[in-house]
Trainee: 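Take a look at the following structure, please.
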Amino acid sequence: MALLIKNGEIVTGSSRLVADIWCEGETITRIDKNIPAPAGADVVDAAGKFVFPGFIDPHTHIYLPFMGTFSKDTYATGTQAAVAGGTTTIFDMCCPSRLEEAADGFATWKSQADGNACCDYTFHMGVTRFDQGTEAQLRKIVAEGVQSFKIFLAYKGAFGIDDAELLATLRLARELGVVTAAHCENETLVAELQKKLLSEGKTGPEWHHESRPPRVEAEGVHHLMTFAELTGAPVYIVHLSCREALEEAVRARLRGVDVRVETLIQYLVLDKTCAEMPEFEGAKFVMSPPLRDKSNQPVLWNGLAQGLIDTVGTDHAPFDFETQKPMGLSDFTKIPNGIPALEDRIPLLYTHGVCTGRLDLQTFVNVASTNAAKIFNLFPQKGTIQTGSDADLVVFDPSYRGTLSVKTQTSAVDYNAFEGWEIQGRPAVVTVRGEIAARDGRFIGRTGRGKFLQRPPSQSK
Ligand code: URP
Ligand code: ZN
Ligand code: ZN
């Protein structure tokens, strides 16, 4: 198996260069001008196009039992959608329930993915309970190559952990050299606000935001920052949505807290008025933390441009509009939370980030690929284009013009939150470890070829 990508402009997080890329087997083996095309090799003409490292989504929920239902994609459909949109590595959240053993959860998520995933994948290991048994199991899971935990300071009574568990998790994470990713919202305030709104007859999706205002998220971040500071554990804030929360993270960073920040494409381009749409249409846009007031968007874009925010993920959590969102028809707290975006993240970030001048090309690559690889110990296997790296490549056509729609998407969910939106540029060819897996927005690869990526812990302290 050999692949030659000719004459593209290769853009990594730190360089730009017009050259050819030669891949043998699954790996990039040469980058040079005028590499001759040997007989039998796949040759892609990338003249006039960019060649980016395969994009990485640091936050997905392909398999997720949640709020009384299951997220809609399978590892086959979810990763086909990812690859069609230029994402070649995903970090899925392994989220066992509080009653389940961590080891059983890990085995369940692996068995869902193995043989079905179409791109490479790894897990953030959800710590939804912490006791002696959990600790022993987590040590084993880390030894098997999972270098990150995931915790929820939200979802009281479901995935949420208490302060003693938070402290124990961060102490273990620090000892093992593991990064802890955290959903930051104050669960007590959320529960109280939800109760109050419902008692006032405020039951529609438009009230979701009022039950989880920015200060509730900022308080969650503040709380995590205190625990991270006192334990010295490295932490990663998932799906940060607003100015108040970012200010807490930046304040902590100035104190020396080892904190990285993720935002989502949804927060960058959608706002809380979406969840106010009539006829329950707003339910399509219910996620947590909620979509915010539009005034937060420039803060998030500036945060990315200035390195205060490290990554852009999707938190892809697809629930059908027709059959699953209506679980909360008369009570917004029961609407399954999530806005699918895995397939559309890269074209949207390019259109609204690069084409508007908010992000330069290298920042685009860093926040959509390289930084996640570095933070979570996949670099330089993933997240860049250099000899020895996996041949995950995106030949990107900046001249493409088109629209997003449920009618043309690959994901199995029954709506598209960006229906009818125009995009500028999209992946023309996507390779997964040296094999062409998508062309012009369609998956054409081999189902089940994705493999589990082992990530070593950082040097433990
Ligand atoms: O609304 C969301 N974010 N759904 C997925 C679960 C989570 O909190 O990440
Ligand atoms: Zn979350
Ligand atoms: Zn999530």
Side-chain angles (χ1 to χ4, degrees), residues 57-73 78 82 90-98 105 109 121-128 148-161 166 180-187 190-191 194 205 208-209 211-212 216-217 220-221 223-224 235-242 245 261-268 270 272 274-275 282-292 311-321 324-325 327-328 332-342 345 372 376 411 413 415 417:
D57 192 332
H59 185 166
T60 69
H61 299 276
I62 302 297
Y63 173 70
L64 180 68
F66 186 49
M67 298 183 75
T69 186
F70 289 84
S71 54
K72 190 62 197 305
D73 274 314
I90 60 163
F91 283 73
D92 209 41
M93 301 287 172
C94 174
C95 296
S97 81
R98 248 183 109 75
W109 259 259
Y121 59 93
T122 175
F123 300 111
H124 298 301
M125 183 61 218
V127 182
T128 50
S148 44
F149 293 154
K150 169 72 189 291
I151 55 171
F152 294 87
L153 309 185
Y155 304 132
K156 210 178 179 71
F159 295 138
I161 53 172
L166 170 61
T180 301
H183 175 137
C184 297
E185 288 180 297
N186 183 292
E187 61 175 11
V190 172
Q194 286 178 335
H208 178 68
H209 182 274
S211 72
R212 312 174 97 105
V216 163
E217 183 183 346
V221 171
H223 199 71
L224 179 74
V235 292
Y236 174 88
I237 300 166
V238 297
H239 52 39
L240 183 136
S241 71
C242 61
V261 176
E262 166 196 282
T263 191
L264 305 180
I265 190 64
Q266 294 92 322
Y267 300 133
L268 290 164
L270 300 171
K272 72 176 182 145
C274 297
K284 291 178 179 172
F285 301 94
V286 166
M287 67 175 302
S288 297
L291 296 177
R292 298 299 186 192
T311 61
V312 177
T314 61
D315 193 7
H316 181 76
F319 297 101
D320 273 348
F321 180 60
Q324 294 179 294
K325 293 282 185 180
M327 292 167 70
F332 70 87
T333 69
K334 296 193 166 57
I335 299 170
N337 283 204
I339 305 177
L342 179 53
R345 174 182 66 129
F376 295 115
S411 172
V413 68
Y415 74 100

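What you are looking at is a predicted structure, and each value in this text was computed from that prediction instead of being measured. Numbering of ligands and ligand atoms starts at 1, following listing order.
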Trainee: Has H239 got an N, O or S atom lying less than 2.8 Å from the Zn ion (ligand 3)?
Mentor: no
Trainee: Please report which non-hydrogen protein atom sits nearest to atom 1 (O) of ligand 1, along with the residue it belongs to and the distance in Å to one decimal place.
Mentor: S288 N, 2.8 Å
Trainee: Is there a donor in the side chain of Y236 and an acceptor in the side chain of T311, or the other way round, less than 3.5 Å apart?
Mentor: yes
Trainee: Counting heavy atoms only, which of F66, F159, Y155 is nearest atom 7 (C) of ligand 1?
Mentor: Y155
Trainee: Cut-off 3.5 Å, side chains only: do T314 and R345 have a donor facing an acceptor?
Mentor: no
Trainee: Identify the closest protein heavy atom to atom 4 (N) of ligand 1: which residue and atom is it, and at what distance?
Mentor: N337 O, 3.1 Å
Trainee: Given the side-chain rings of H124 and F376, with only the six-membered ring counted for Trp, is the space between their centroids under 6.0 Å?
Mentor: yes
Trainee: Does H183 approach ligand 1 within less than 4.0 angstrom via side chain, backbone, both or neither, non-hydrogen atoms only?
Mentor: side chain
Trainee: Which of the numbered atoms in ligand 1 are below 4.0 angstrom from a heavy atom of M287?
Mentor: 1 (O)
Trainee: Nearest 0.5 Å, please: how far is OG in S288 from CZ in R212?
Mentor: 3.5 Å
Trainee: Relative to the Zn ion (ligand 2), which of the N, O or S atoms in H183 is the closest?
Mentor: ND1
Trainee: In this structure, is the centre-to-centre distance between the rings of H183 and F159 below 6.0 Å?
Mentor: no
Trainee: Considering only heavy atoms from C-beta outward, does the side chain of E217 approach that of L240 to under 4.5 Å?
Mentor: yes
Trainee: Please check if any side-chain donor atom of T333 sits under 3.5 Å from a side-chain acceptor atom of Q194, or the reverse.
Mentor: no
Trainee: Taking backbone and side chain together, does H59 place any N/O/S atom at a distance below 2.8 Å from the Zn ion (ligand 3)?
Mentor: yes
Trainee: Give the contacting part of D315 toward ligand 1: side chain, backbone, both or neither, where contact means a heavy-atom distance below 4.0 Å.
Mentor: side chain
Trainee: Considering the heavy atoms of H239, write down every atom of ligand 1 situated less than 4.0 Å from one of them.
Mentor: 8 (O), 9 (O)
Trainee: Heavy-atom distances under 4.0 Å are what count here, so tell me which part of M93 touches ligand 1: side chain, backbone, both or neither.
Mentor: neither
